[in-house]
Amino acid sequence: MLIPTSGGVLRQLAAAGALDAATFAGWQVVIADLVEREARGWERGPPQAREVLSWIESAGGAVQRVETAPGIAYGALVARKETPQAAAMLKHLRRGGGARAVRDVVEGLEPGEVGSVLVVDDDPGVAALMSAARVPVRCLPAAHALQLLLAERAPRSPR
């Protein structure tokens, strides 16, 4: 199972032309709700956002969208009347909210449900966030995960 912790990671994969690398390599890709929102540019639509969202839609069962407590909180705050407190909470959720949403997903996994989880994030502190997991979790920066995925996708030379 591969889980990116930010929309930025998804946009990096899109920019590298490697969104399909994970699914071609046989990984189940999990997209937490806040990560998808960030990939959409929260409410503005950055470069590659359309490509990422199109890929999520077309990947079928290879991509699993997951609702999380931080994502539900974000949605509720967006729907509320704008106040300074709500704006501050939204800002807090936008900074690192994807990683907290992924932690919500990873902490809910049971042993035997998945073999292992690859969490993709450029922040070395994310590993500490995932420490409560009951399944094996490996955290990699986006560049290393991209190399791993592209290596798995590359055709094998005959021996």
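All of these numbers come straight from a predicted model, not from anything done at the bench.
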Asks: Check residues 117-126 and write down every donor-acceptor pair under 3.5 Å in which the side-chain atom is one partner and the other belongs to a residue at least two apart or another chain.
Replies:
| residue | atom | partner | partner atom | Å |
| --- | --- | --- | --- | --- |
| D121 | OD1 | D123 | N | 2.5 |
| D121 | OD2 | T5 | OG1 | 2.1 |
| D122 | OD1 | A142 | N | 2.8 |
| D123 | OD1 | G125 | N | 2.8 |

Asks: Could I get the full list of side-chain contact (heavy atoms from CB on, under 4.5 Å) partners for S116, not counting sequence neighbours?
Replies: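 S116: side-chain contact (heavy atoms from CB on, under 4.5 Å) contacts with P136.
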
Asks: After noting the C-alpha distance and the side-chain angles of R65 and E57, does the key distance pass the side chain to side chain contact (heavy atoms under 4.5 Å, CB included) rule?
Replies: CA-CA 10 Å; R65 291 169 149 153; E57 294 293 333; 2.7 Å; yes

Asks: CD of E67 to CG of D104: how many Å apart, nearest 0.5 Å?
Replies: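 Here the interatomic distance stands at 10.0 Å.
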
Asks: Can you get from V78 to L93 by hopping between Ile, Leu, Val, Met, Phe, Trp and Tyr side chains that sit under 4.5 Å apart?
Replies: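 Yes, V78 and L93 fall within the same hydrophobic cluster.
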
Asks: Take W55 and L10 through the side chain to side chain contact (heavy atoms under 4.5 Å, CB included) test and state the conclusion after the steps.
Replies: CA-CA 10 Å; W55 171 75; L10 288 172; 4.2 Å; yes

Asks: Around atom CZ of R134, are there more than 12 heavy atoms of other residues, nucleotides or ligands at under 6.0 Å?
Replies: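 Counting other residues, nucleotides and ligands, CZ of R134 exceeds 12 neighbours.
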
Asks: How many angstroms lie between atom CD1 of I3 and atom CE of M130, to the nearest 0.5 angstrom?
Replies: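 If we round to the nearest 0.5 Å, I3:CD1 and M130:CE are 7.5 Å apart.
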
Asks: Report the distance from atom OH of Y74 to atom CZ of R37, rounding to the nearest 0.5 Å.
Replies: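 Rounded to the nearest 0.5 Å, the OH-CZ separation comes to 5.5 Å.
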
Asks: For D33 and T68, work out which heavy atoms get closest and say how close.
Replies: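 Shortest heavy-atom separation between D33 and T68 comes out as OD1-OG1, 2.6 Å.
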
Asks: Is the backbone N or O of H144 less than 3.5 Å from a side-chain atom of Q147, with the two atoms forming a donor-acceptor pair by type?
Replies: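 The answer is no, because no donor-acceptor pair under 3.5 Å joins these two groups.
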
Asks: Taking atom CD of E113 as the centre, report whether more than 12 heavy atoms of other residues, nucleotides or ligands fall under 6.0 Å from it.
Replies: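 Result for CD/E113: enclosed.
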
Asks: I want to check something: taking the side chain as every heavy atom from C-beta on, are M89 and R94 in contact at a cut-off of under 4.5 Å?
Replies: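 Side chain of M89 against side chain of R94, heavy atoms only: no contact under 4.5 Å found.
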
Asks: Report the C-alpha separation of R138 and L140 in whole Å, then their side-chain angles, then the decisive distance to 0.1 Å, and conclude whether the side chain to side chain contact (heavy atoms under 4.5 Å, CB included) test is met.
Replies: CA-CA 7 Å; R138 182 176 172 200; L140 282 181; 4.0 Å; yes

Asks: For V29 and P4, which heavy atoms make the closest approach, and how far apart are they?
Replies: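 Closest pair (atom of V29, atom of P4, distance): CG1-CD, 4.5 Å.
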
Asks: To check you understand the geometry: which heavy-atom pair defines the closest contact between V106 and A133, and what is its length?
Replies: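 Smallest interatomic distance, heavy atoms only, reads CG1-CB, 3.3 Å.
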
Asks: Would you say that M1 contacts L109 through its side chain, given a criterion of any heavy-atom pair below 4.5 Å between the two side chains?
Replies: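 Side chain of M1 against side chain of L109, heavy atoms only: contact under 4.5 Å found.
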
Asks: To the nearest 0.5 angstrom, please state how far the CD atom of E38 sits from the CG atom of L34.
Replies: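 If I round to the nearest 0.5 Å, the distance is 8.5 Å.
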
Asks: Might you work through the side chain to side chain contact (heavy atoms under 4.5 Å, CB included) test for E107 and V105, ending with a clear yes or no?
Replies: CA-CA 6 Å; E107 287 179 354; V105 172; over 6 Å; no

Asks: Could you tell me which non-hydrogen atom of A127 sits nearest to which non-hydrogen atom of C139, and how far apart they are?
Replies: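 Here A127 and C139 meet closest at CA-SG, 3.7 Å.
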
